[in-house]
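Below: one structure in structure tokens.
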Amino acid sequence: GGQEFTYEGIHGPQYWTKDYGTCTGKHQSPINIEEHEVEDVSFPSIKFVGLQNPQVVTLTNNGHTVAITFDDPEAIKIYGGPLDTYPYIFKQMHFHWGSDDKEGSEDRINNIAYAMELHAVFYKKSYGSMEAAMHYADGLAVLAYFVEVDNTEFNPVYEPLLAAFPMIEEVNTNVTLNGPINPEKLLLPGEIIVSDYYTYHGSLTTPPCSEVVIWIDFKDPFRMSHEQIEAFRSIKTFDNQKLTHNFRPVQKLEDRKIFRNVI
Ligand code: 1SD
Ligand code: ZN
């Protein structure tokens, strides 16, 4: 504790284990998803609740990522799929990216990385709070969306968010966007087929690496232009350095199974 974790140097991923013992656990994330080793299962469909009401969006540079929060997060819930009938409440979304477009995602598919990965973090409602939920193996659900480079056009949904990035270049700053945004635009990008996903049990990909996450990785990526992805690399971290990349290297699968939903 005390010292902030980083993605480079003597507080980088190889050294997280010194301050956070859980980072050496056997159910760590991210992982490589080897497609020919996954087990097919039919889960009930994943349901989204409360995505239609526009919400005021705040962007925060916390030195580790850019986080997106809504003014009424508890209005947004998911259930179904591997979460069974238990509702999970929305907390925040954030991004992982790389120094160039060839890497940046945390999970990999057949050892291939995408340019970025967007995480939407939810906690199990029955545990009462995010903090309490972080003590249970099924406490959190994280939806993972891969981002690939679009060489022909920019992503219009993300334009208003990226336009505000110059306001949060410095660490520990935030900006509230002018117009409210329909959460559906961010949580259900048009390119994603909600029934096509991988799911496995793992951890937070950042310290304390708690093994409390039901990961749901959508198979289909959505797209942003190279210029849009480049905007993330101008975000500054601690010591006024640019946060050029913020993905943890893949961890061993160990005794776990990865499931693929089939309809
Ligand atoms: O990196 C995030 C971290 O910012 C925080 O949101 C945590 C949950 O409290 O989750 C990790 S991650 O595993 O979603 N990358
Ligand atoms: Zn994350």
Side-chain angles (χ1 to χ4, degrees), residues 1 4-8 11-13 16-17 19-20 22-25 27-33 57-70 73-74 76 78 82-83 88-98 103-108 113-125 127-147 168 171-174 186-187 197-218 221-222 229 232 235 237-238 243 245-251 256:
E4 293 278 3
F5 72 88
T6 62
Y7 286 92
E8 230 171 42
H11 299 289
W16 293 353
T17 54
D19 280 334
Y20 307 94
T22 313
C23 299
T24 60
H27 284 188
Q28 289 292 290
S29 296
I31 55 165
N32 174 43
I33 297 173
V57 168
T58 298
L59 303 178
T60 305
N61 170 358
N62 63 19
H64 307 296
T65 188
V66 173
I68 302 173
T69 50
F70 297 120
E74 302 197 352
I76 302 172
I78 54 170
L83 311 179
Y88 282 68
I89 297 181
F90 178 81
K91 185 71 181 175
Q92 44 93 349
M93 307 176 85
H94 64 267
F95 297 85
H96 299 270
W97 60 87
E103 56 180 8
S105 70
E106 299 210 290
D107 282 340
R108 293 174 182 237
Y114 284 93
M116 295 211 292
E117 189 171 326
L118 166 63
H119 289 159
V121 182
F122 297 75
Y123 65 92
K124 196 172 186 176
K125 183 171 193 268
Y127 295 136
S129 71
M130 178 81 179
E131 292 65 36
M134 298 238 281
H135 294 104
Y136 298 91
D138 64 348
L140 303 191
V142 182
L143 304 180
Y145 307 74
F146 296 114
V147 181
I168 53 163
V171 69
N172 294 324
T173 55
N174 60 69
L186 302 176
L187 284 155
Y197 60 86
Y198 305 103
T199 182
Y200 75 97
H201 187 257
S203 72
L204 304 179
T205 65
T206 54
C209 309
S210 318
E211 296 179 340
V212 298
V213 181
I214 299 170
W215 283 96
I216 298 173
D217 290 23
F218 294 116
F222 71 97
I229 296 171
F232 288 85
I235 291 296
T237 180
F238 309 98
L243 183 60
H245 56 99
N246 64 350
F247 63 92
R248 186 189 194 191
V250 293
Q251 308 292 306
R256 290 174 289 179

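Quick note: residue numbers are just sequence positions, from 1. Every number for a ligand or one of its atoms is a count from 1 in the order of the listing.
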(request) Identify, by atom number and element, the atoms of ligand 1 in contact range of His119, meaning under 4.0 Å from any of its heavy atoms. (result)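 Counting atoms of ligand 1 from 1, those under 4.0 Å from His119 are 14 (O), 15 (N).
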
(message) Contact between ligand 1 and Lys91 is defined here as a heavy atom of the residue under 4.0 Å from a ligand atom; is it met?
(response)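 No heavy atom of Lys91 comes that close to ligand 1.
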
(request) Would you mind telling me which of Pro30, Pro207, Ser29 makes a side chain to side chain contact (heavy atoms under 4.5 Å, CB included) with Arg248? (result)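 Only one option passes, and that is Pro30.
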
(request) Enumerate the atoms of ligand 1 whose separation from the nearest heavy atom of Trp215 is less than 4.0 angstrom. (result)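 Result: 13 (O).
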
(message) I need the atoms of ligand 1 closer than 4.0 Å to a non-hydrogen atom of His96, numbered in the order shown.
(response)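 Every atom of ligand 1 under 4.0 Å from some heavy atom of His96: 15 (N).
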
(message) Side chain or backbone, does Thr65 bring an N or O within less than 3.5 Å of an N or O on ligand 1?
(response)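 N/O-N/O distance under 3.5 Å: no.
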
(message) With the threshold set at under 4.0 angstrom, would you say Phe247 reaches ligand 1 through any of its heavy atoms?
(response)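 Contact check Phe247 vs ligand 1: negative.
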
(message) Could you check whether Phe122 and Tyr88 have their ring centres less than 6.0 Å apart?
(response)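 Between Tyr88 and Phe122, the centre distance exceeds or equals 6.0 Å.
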
(request) Could you tell me if the ring centre of His64 sits under 6.0 Å from that of Phe238? (result)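 Judged by ring-centre distance (under 6.0 Å), His64 and Phe238 do meet the cut-off.
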
(request) Would you indicate which of Glu106, His64, Gln92 comes nearest to atom 5 (C) of ligand 1 when only heavy atoms are counted? (result)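 The option holding the nearest heavy atom is Gln92.
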
(message) So, of the N/O/S atoms that His119 has, which is the nearest one to the Zn ion (ligand 2)?
(response)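 When I compare the N, O and S atoms of His119, ND1 is nearest to the Zn ion (ligand 2).
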
(request) Check whether the side chains of Asp107 and Tyr198 place a donor and an acceptor atom closer than 3.5 Å, and report yes or no. (result)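 Distance-only check fails for Asp107 and Tyr198.
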
(message) Which label fits Tyr136 and Tyr127: parallel for a plane angle under 30°, tilted from 30 to 60°, or perpendicular past 60°?
(response)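 Rings of Tyr136 and Tyr127: parallel, under 30°.
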
(message) Only heavy atoms of His94, strictly under 4.0 Å: list the atoms of ligand 1 that pass.
(response)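 Near His94, the atoms of ligand 1 are 1 (O), 2 (C), 6 (O), 12 (S), 14 (O), 15 (N).
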
(message) On a heavy-atom basis, which atom in Glu106 and which in Glu117 lie closest, and how many Å separate them?
(response)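 So the minimum-distance heavy-atom pair works out to N-OE1, 2.8 Å.
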
(request) Identify which one of Asn172, Thr173, Asn174 satisfies the side chain to side chain contact (heavy atoms under 4.5 Å, CB included) criterion when paired with Asn61. (result)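 Among Asn172, Thr173, Asn174, the one that satisfies the side chain to side chain contact (heavy atoms under 4.5 Å, CB included) with Asn61 is Thr173.
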
(request) Run down the list Val121, Thr205, Leu204, Thr206 and name the one with the heavy atom closest to atom 15 (N) of ligand 1. (result)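 Considering heavy atoms of Val121, Thr205, Leu204, Thr206, the nearest to atom 15 (N) of ligand 1 sits in Thr205.
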
(message) Under 4.0 Å from a heavy atom of Met130: which atoms of ligand 1 are those, numbered in the order shown and with their elements?
(response)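 Within the 4.0 Å cut-off of Met130, ligand 1 contributes 8 (C), 9 (O).
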
(message) Quick check: closest heavy atoms across Ala120 and Leu187, and the distance to 0.1 Å?
(response)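 Minimum heavy-atom contact is CB-CD2, 3.6 Å.
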
